[in-house]
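These numbers come from the heavy atoms of this one structure, side chains and all, not from hydrogens, waters or symmetry mates. Whatever order the structure lists them in is the order used to number ligands and atoms, beginning at 1.
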Amino acid sequence: MPTREPPAPRLHRAGPLPADLARRLYRLMLTARMLDTEAIALQRQGVFPAYVSLRGQEAAQVGSAAAMDPERDFAFPTYREMAVALTLGVDMVGYLASHRALWHGGLYNPLTSRFAPINAVVGGPVPHAVGWALGERLAGRTGVAVSYFGDGASSEGDVHEAMNLAGVLNAPVVFVCQNNRWALSVPNERQIAGGSVAARAAGYGMPGVTVDGDDLAAVHEATRTALERARAGGGPTLIEALTYRANPHSTSDDTSRYRDPAEERAWADRDPLLRARAAMEASGAADAAFFAAAEAECRAAAERIRDGVSAAPEPPGTDLFDHVFREPAPHLAAQRRVWEEEVR
Ligand SMILES: Cc1ncc(C[n+]2csc(CCOP(=O)(O)OP(=O)(O)O)c2C)c(N)n1
Ligand SMILES: [Mg+2]
């Protein structure tokens, strides 16, 4: 397969964040990092059947989600947006319940937290985001949908259809593609023929912005600008946040089969947490005492959530059948009888 040079990206840059915002977002990134580590350990201990790590994508997720208005906007996540959930104040025990297979899509309230159910269909949530955004406008409200998807999802038909419709109808949506360089074992150069997801925006009649996804301030600023534009009736924006999936695709994956370990080692210099810390030290937003306190606070928060999800009671298995149809369906009743006999 020929590899093409990507077009020169229009990199969105930003100055340092206000000190209080930088400190708040750093704590969220650090909590997400620690909770991610705890979640991997829970999978290794057999508490979670599987888990997908977001390590490396903390700035892309926290920076974008923190730009949202949690009263009006709505995030449509994939399966990897744990730090978006944390930033939006989702009940994290409820969120992680889906990884414990206690409930599909999580045991949190999507309506109050403005964070849609976890969605494992690659590209699937993108049309949902556009539909929600159009509904929001028809209702005369000013909410904006933030649609998360990956580089792999960018080549799904659903994503093309959704972005084109959003462009044609000027829908209030911010499309956030976290390009973490890998779609399971498929690298960017075998996924994105033109070399850039953001460059496709021109074909959908919307601005395309490439941003260093490991630069917290730049992601935040790019998302804030796109949200303002959509809220003011300016229509959708496509943001491509260039980042890196530092861990395997999931706890079931083995990267040694398809990627060079040197690439993973090189990532260490780009670690968004170290970069956020360096930016705060350079701007004087935080000192050593802040980082020491944040370490202790975030660790305690991550451990509280870990213990909460480990101890969470299993919901009754009959819930499986209770929320499928409003009216009782005979075939479902038959399946329920079989299931009850099996678990008895
Ligand atoms: C419609 C669909 N096709 C295939 C899969 C299997 N699958 C799960 S994750 C994944 C890779 C997705 O990569 P990307 O969109 O880059 O997201 P990332 O996992 O890197 O966050 C694939 C192919 C799926 N879940 N859904
Ligand atoms: Mg990817």
**OP:** Mark up the atoms of ligand 1 that fall under 4.0 Å of a heavy atom belonging to Trp182, in ascending order.
**Re:** 16 (O), 20 (O)

Original post:
At what distance is the nearest protein heavy atom to atom 16 (O) of ligand 1, and which residue and atom is it?
Top reply: Gly152 N, 2.8 Å

Original post:
Roughly how far, to the nearest 0.5 Å, is CG of Asp287 from CE of Met280?
Top reply: 9.5 Å

Original post:
Got the closest protein heavy atom to atom 25 (N) of ligand 1, with its distance?
Top reply: Ala120 O, 2.8 Å

**OP:** Give the numbers and elements of all ligand 1 atoms closer than 4.0 Å to a heavy atom of Ala183.
**Re:** 11 (C), 13 (O), 16 (O)

**OP:** Name the closest protein heavy atom to atom 15 (O) of ligand 1, giving the residue it belongs to and the distance to 0.1 Å.
**Re:** Ala153 N, 2.8 Å

Subject >> Heavy-atom nearest neighbour in the protein, as seen from atom 17 (O) of ligand 1, with distance rounded to 0.1 Å >> reply: Tyr79 OH, 3.2 Å

Original post:
Between Asp73 (side chain) and Asp69 (backbone), is there a donor-acceptor pair under 3.5 Å?
Top reply: yes

Subject >> Under 3.5 Å: donor-acceptor pair, side chain of Glu156, backbone of Ala153 >> reply: no

**OP:** Tell me, please: is Phe149 in heavy-atom contact with ligand 1, that is, under 4.0 Å?
**Re:** no

Subject >> Closest approach of any protein heavy atom to atom 3 (N) of ligand 1, naming residue and atom >> reply: Glu156 OE2, 4.0 Å

**OP:** Identify, for atom 7 (N) of ligand 1, the protein heavy atom at the shortest distance, and state residue, atom and that distance.
**Re:** Val122 CG2, 3.7 Å

Original post:
With under 30° as parallel and over 60° as perpendicular, where do the rings of Tyr95 and Tyr108 fit, or are they tilted in between?
Top reply: parallel

Subject >> atom 21 (O) of ligand 1: the protein heavy-atom neighbour that sits closest, reported with distance to 0.1 Å >> reply: Arg80 NE, 2.8 Å

**OP:** Could you check Thr210, Asp151, Asp215, Asp212 and say which one makes a side-chain contact (heavy atoms from CB on, under 4.5 Å) with Leu242?
**Re:** Thr210

Subject >> Check: Arg80 and Tyr148 side chains under 4.5 Å, non-hydrogen atoms >> reply: no

Original post:
For ligand 1, which atoms have a heavy atom of Asn180 less than 4.0 angstrom away?
Top reply: 18 (P), 20 (O), 21 (O)

Original post:
Around the Mg ion (ligand 2), what protein N, O or S atoms are found below 2.8 Å?
Top reply: Asp151 OD1, Asn180 OD1, Trp182 O

